[in-house]
Number of protein chains: 2
Amino acid sequence: MYEVFQQYIDSKIMLTPDEAHYIRSLAVIKKLRKKQYLLQDGDVWKYDAFITRGCVRTYSVDEKGNEHVISFSIENWWTGDRESLLSGEPSRFNIDAIEDTELVLFTHPNFELICRQIPAFNNMVNAILQKSFVTAQNRIQAALSYTAEEKYINFVKKYPGFAMRIPQSMIASYLGMTPETLSRIRTQTARK
Amino acid sequence: MYEVFQQYIDSKIMLTPDEAHYIRSLAVIKKLRKKQYLLQDGDVWKYDAFITRGCVRTYSVDEKGNEHVISFSIENWWTGDRESLLSGEPSRFNIDAIEDTELVLFTHPNFELICRQIPAFNNMVNAILQKSFVTAQNRIQAALSYTAEEKYINFVKKYPGFAMRIPQSMIASYLGMTPETLSRIRTQTARK
DNA sequence: TAATTTACTTGATCTATATCAATTCCTTTC
DNA sequence: GAAAGGAATTGATATAGATCAAGTAAATTA
């Protein structure tokens, strides 16, 4: 499944065969069964991870035991806990597989090596980060501005594929509402 | 007030006198009176902006006319609308001054020039972006997980200075609650 | 394919927070 | 430093969404 990652890179930047080979030599393939953890809170996250197949969620668990979904990531996206990566502190998040999933992993030191040696790769990474930041900011705005119904409609419009493959209760959590509320919203919305 | 920016850079990276001079030659100083706009929604944002003095807020306005504060930025922070900057589309946000404010502005093409010519500067910018992303993600988590009271306590702990200089109604908006609710929370919390 | 578990739906009730309204307290301005 | 305008407080009431509970459907597992 490395080919998926290769194609992703090729769609973004031009590499010499040597460079492409160098990147591949540092990549580690990882497979996750559905429900398997990629990261558990308390552990330190040390990778840069790209999903080639499947779907993963990042979430926190509060004192009452409620799970709060911070993000979903699917094939052709990156995942991980940047906070733990940067700080070296134990993560407050969990990441687990919603479907059987395959990833391409780089240890962070290796990833930084690649960034330093291949400027185009570094630029690509930075562009992704900018996009991630914009996405996060838009999510904040949606959380502040929208009603529960608007949040759901906005979500489906923005990520049409997600609504199909991700359990409703997780989408509800991502949107900051209970599964019951989302269920009611869906029947109401469908009726219209 | 350029010195504040100079010191900021010096605290992060080492520059040759030539490089420092080059950066300075591309900088534009801008002053804002309290309540003055730096960006109005509908306009395209084209700068990279660093605050040397004062305080600014980024917010959106919904159809009902309610303002939703996306972020506060004070001296030694950056501000702007990255979404509009990257896409070239009109901004959906407003940025205005909460206090009299001074900024160091770079047009984005100039800023990119600096990044390309001074790798250390580029790295600094990327590090800032990573931090911004982590901050945004933490804010999402707080918005999903906390009660109104917890949100406020968390905010004061995280940004002790802000609670002093920013009007309560704006903090309430930032936290996703009404000014009345925040007022009540404050009197309750004080009583404890 | 039956059994078991897990996810979703629907209904009744509750509650945190919003809304509306009046009053007081600060700023700003002239 | 008086007047005016905006911000914060406080009270009464309303409501979106949460919680609790039961039933139904769908997915796993045996």
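Chain A is the first sequence line, chain B the second, and so forth, proteins listed ahead of strands; every chain is numbered from 1.
A side-chain donor from one of Thr178(B) and Thr181(B) sits under 3.5 Å from a side-chain acceptor of the other. Remark: the Gln6(B) side chain and the Arg24(B) side chain contain no N/O donor-acceptor pair separated by less than 3.5 Å.
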(request) Would you mind building the protein contact string for nucleotides 20-30 of chain C? One character per nucleotide, 5' to 3', B for base within reach (heavy atoms under 4.0 Å), S for sugar-phosphate only, - for untouched. (result) B-------S--
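Distance Ile185(B) CD1 to dA18(C) C1': 12 Å, rounded to the nearest Å. Tyr146(B) has its OH atom 19 Å from the C1' atom of dA16(C), to the nearest Å. Regarding Leu144(A), its CG atom lies at a distance of 15 Å from the P atom of dT17(C), rounded to whole Å. If you take CD of Glu149(B) and C1' of dT17(C), they are 13 Å apart, rounded to a whole angstrom.
In the region residues 161-172 of chain A, proximity to DNA chain C at under 4.0 angstrom, judged on heavy atoms, holds for Pro167(A), Gln168(A), Ser169(A). A heavy atom closer than 4.0 Å to some atom of DNA chain C occurs in no member of residues 54-72 of chain A.
Taking a cutoff of 4.0 Å between a charged side-chain nitrogen and a carboxylate oxygen, Arg53(B) and Glu99(B) do not qualify as a salt bridge. Checked for salt-bridge contact, Glu75(A) and Arg165(A) meet the test: a charged N lies under 4.0 Å from a carboxylate O.
At a threshold of 4.5 Å between side-chain heavy atoms, the hydrophobic network of Ile, Leu, Val, Met, Phe, Trp and Tyr places Leu26(B) and Phe111(B) in one connected group. Under the 4.5 Å side-chain heavy-atom criterion for grouping Ile, Leu, Val, Met, Phe, Trp and Tyr, Leu113(B) is not connected to Val28(B) through any hydrophobic cluster.
Taking the ring axis of Phe155(A) as reference, the NZ or CZ atom of Arg139(A) does not stay both within 45° of it and closer than 6.0 Å to the ring centre.
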Distance-only donor-acceptor pairs under 3.5 Å for side chains of residues 118-127 of chain A, two or more places apart:
| residue | atom | partner | partner atom | Å |
| --- | --- | --- | --- | --- |
| Asn126(A) | OD1 | Asn126(B) | ND2 | 3.3 |
| Asn126(A) | ND2 | Asn126(B) | OD1 | 3.3 |

Taking distance alone, no hydrogens or angles, what donor-acceptor pairs closer than 3.5 Å link side-chain atoms of residues 34-45 of chain B to residues at least two apart or in another chain?
| residue | atom | partner | partner atom | Å |
| --- | --- | --- | --- | --- |
| Gln36(B) | OE1 | Arg33(B) | N | 2.8 |
| Asp41(B) | OD1 | Asn94(B) | ND2 | 3.4 |
| Trp45(B) | NE1 | Tyr47(B) | O | 2.8 |

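Here CD of Glu150(B) is found 9.0 Å from OG of Ser145(B). Values are rounded to the nearest 0.5 Å. To the nearest 0.5 Å, atoms CZ (Arg82(B)) and OG (Ser91(B)) are separated by 13.0 Å.
Protein chain A contacts DNA chain D over a range whose 5' and 3' limits, counting nucleotides with an atom under 4.0 angstrom from a non-hydrogen atom, are dG17(D) to dT28(D).
A distance-only check finds no donor-acceptor pair linking the side chain of Thr79(B) to the backbone of Ser73(B) [under 3.5 Å].
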(request) Let me see the working for Asp96(B) and Arg57(B) under salt bridge (charged side-chain N to carboxylate O under 4.0 Å, His left out), right down to the final yes or no. (result) CA-CA 6 Å; Asp96(B) 67 13; Arg57(B) 80 207 233 254; 2.9 Å; yes
